[in-house]
Amino acid sequence: MAALTETLGAALEEIRAADLYRSRRVVESFLEADTGIEVLVDGKRRVNFCGNDYLGLSHHPEVRAAFIAAAAQFGVGSGASHLVTGHSREHHALEEELAAFVGRPRALLLSTGYMANLAAIATLAGRNALVAEDRLNHASLLDAAFLSGATLKRYAHASPDALIHLLEEQPFERAIVATDGVFSMDGDIAPLAAIAAACRARGAWLVVDDAHGMGVVGATGRGSLEATHLGIDDVPVLVGTLGKAFGTFGAFIAGSEELVEFLIQKARSYIYTTALPPAVAAATRAALRVATADNWRRDRLRALIARFRAGAAELGLALTDSGTPIQAVILGEPRLALAASATLATQGLWVAAIRPPTVPPGTSRLRITLSAAHTDDHLERLLGALAMLAT
Ligand SMILES: *Cc1c(COP(=O)(O)O)cnc(C)c1O
């Protein structure tokens, strides 16, 4: 048997040769105290155009103050899982406030969105179920289906017809349909009304992962379900994450009393892990208040999105059809995305190159994200740098 280091070394060489090697950039400091949108990375000043802090809350003074105050009172770690001694008043209050925010009877707080999707799908599916998923779903939704041992079928992106075909061709006793609300790499919103209707008509249970819609999409930021006017009867299982627009960390599953109580009894990624720090829950409560109150942050995002799309269209760039802060410039081969990212870096802009397997082969891209914390000057600098790519 070949030595581990040689086998892995050869595998790494292959990844490198395909321009698919990934490396981390070290953020040394944040250069605006209250937004963190400009950073010092690898010794250089850059405007962050590829994070998920859409509302600019990760450095908000009230959110930081809530974190610090709760750490002083509750300590740093929760010390145990929720079912043992880790479930604090801050966690409990956050669950109630998240349920109220999305207008559902209950919400269950989990440590990450990845774990929330494992909980929602693997717990509900079981080995004999059919799990149908959009082809461009987030990796965690796919992994959840693999973990459940259910039969996983993928349908063409954003195609209710393909979903209906799949549900009619495959006999099932129990079927779970899962989709991103806002697709994480393209920024489009799933055709949720048609998907929900298809599920209701055939008795399938719909799970919507609204990691990128929550706080951002919809008239008051309640997410993709608000934008598409759908409720708990259409989408019984709603997943939201807290590490994106809310600027903190964690995730939740919202639904009926029965859904949440069942997950508390059975969800392995909820039961067998340490509760997230109470101070994170406290900071998230503050972020939720700011996100609810500050409609200007969503207005600001809408203005930035409109300006960006108009400017990019003038440059003739190939954008995905997205009205959300996720704006992808499709470039094709990985090498082109890497080169474009490097060009933007010379202009003081940070936009990571997104390549397979995160996106399908031939669709390597710049995944540009906009934040309410971006200034007009930041956006004009971005468009100016993209003009260099277009020529
Ligand atoms: C980021 C993301 C997740 C994972 O959430 P974490 O809290 O970062 O683990 C799940 N689903 C989608 C669609 C995401 O974009």
Side-chain angles (χ1 to χ4, degrees), residues 22 24 48 50-55 57-58 91 94-95 98 102 107-123 131 133-148 154 157-158 176-190 192 195 206-217 223-225 227 235 237-254 267-270 273-277 280-281 283-284 287-288 291 320 322 324-328 352 354 357-360 365 367-371:
R22 296 161 184 240
R24 287 97 42 93
N48 185 347
C50 56
N52 301 315
D53 185 11
Y54 304 120
L55 298 178
L57 298 184
S58 65
H91 296 112
L94 175 58
E95 287 185 341
L98 287 168
V102 294
L108 183 70
L109 184 64
L110 291 100
S111 294
T112 70
Y114 195 112
M115 294 162 82
N117 282 334
L118 295 189
I121 292 176
T123 314
V131 178
E133 298 207 14
D134 187 290
R135 275 211 172 277
L136 296 188
N137 270 359
H138 190 263
S140 58
L141 288 168
L142 295 171
D143 291 356
F146 294 139
L147 184 72
S148 72
R154 300 169 78 183
H157 175 56
I176 316 281
V177 174
T179 180
D180 284 18
V182 172
F183 286 90
S184 56
M185 295 299 134
D186 291 66
D188 55 326
I189 299 180
L192 291 174
I195 288 175
L206 180 55
V207 178
V208 171
D209 170 2
D210 209 18
H212 297 277
M214 205 56 74
V216 174
V217 173
S224 303
L225 270 54
V235 181
V237 187
L238 174 62
V239 177
T241 65
L242 306 172
K244 287 162 182 158
F246 296 119
T248 60
F249 188 79
F252 65 98
I253 302 174
R268 297 171 66 86
S269 63
Y270 178 72
T273 196
T274 300
L276 56 75
V280 171
T284 307
L288 191 59
T320 52
S322 162
T324 70
I326 300 169
Q327 296 289 326
I354 306 289
T358 306
V359 293
R365 65 194 65 188
R367 175 183 178 269
I368 293 166
T369 55
L370 301 171
S371 163

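Whatever order the structure lists them in is the order used to number ligands and atoms, beginning at 1.
A donor-acceptor contact under 3.5 angstrom links the side chains of S322 and T324, judged on distance only. Between the side chains of H157 and D188, at least one donor N or O lies within less than 3.5 Å of an accepting N or O. In this model, a donor atom of one side chain and an acceptor atom of the other lie less than 3.5 Å apart for S224 and D210.
With rounding to the nearest 0.5 angstrom, the OG1 atom of T369 is 6.5 Å from the CG atom of N48. The CG atom of D209 sits 7.5 Å away from atom NE2 of H138, with the distance rounded to the nearest 0.5 Å.
Residue S184 has no nitrogen or oxygen atom sitting less than 3.5 Å from a nitrogen or oxygen atom of ligand 1, judged on distance alone. Considering both main-chain and side-chain atoms, A211 never comes within under 3.5 Å of ligand 1 through any nitrogen or oxygen pair. Where the criterion is an N or O separation shorter than 3.5 Å, residue side chain and backbone included, D180 fails it with respect to ligand 1. Annotation: K244 places an N or O atom under 3.5 Å from an N or O atom of ligand 1; distance criterion only.
When hydrogens are left out, the protein atom nearest atom 4 (C) of ligand 1 is Y114 N, 3.6 Å; that is the closest non-hydrogen contact. Remark: minimum distance from atom 15 (O) of ligand 1 to any protein heavy atom is reached at H212 NE2, 2.5 Å. Distance from atom 13 (C) of ligand 1 to its nearest protein heavy atom, with residue and atom name: D209 OD2, 3.2 Å.
Counting the atoms of ligand 1 from 1 in the order shown, those under 4.0 Å from a heavy atom of T241 are 5 (O). Atoms of ligand 1 lying under 4.0 Å from any heavy atom of G113, numbered from 1 in the order shown and given with element: 4 (C), 5 (O), 6 (P), 7 (O), 9 (O).
The two residues H91 and L276 make their nearest non-hydrogen contact at NE2-O, 2.6 Å.
For N117, every heavy-atom contact with ligand 1 shorter than 4.0 Å involves the side chain, none the backbone. At a 4.0 Å heavy-atom cut-off, ligand 1 touches T112 through backbone and side chain alike.
Heavy-atom separations between S140 and ligand 1 include at least one value shorter than 4.0 Å.
Heavy-atom contacts from other residues, nucleotides or ligands closer than 6.0 Å to CZ of R135 number more than 12.
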Would L225 and V208 satisfy side chain to side chain contact (heavy atoms under 4.5 Å, CB included), going step by step from the backbone distance to the final call?
-> CA-CA 9 Å; L225 270 54; V208 171; 4.0 Å; yes
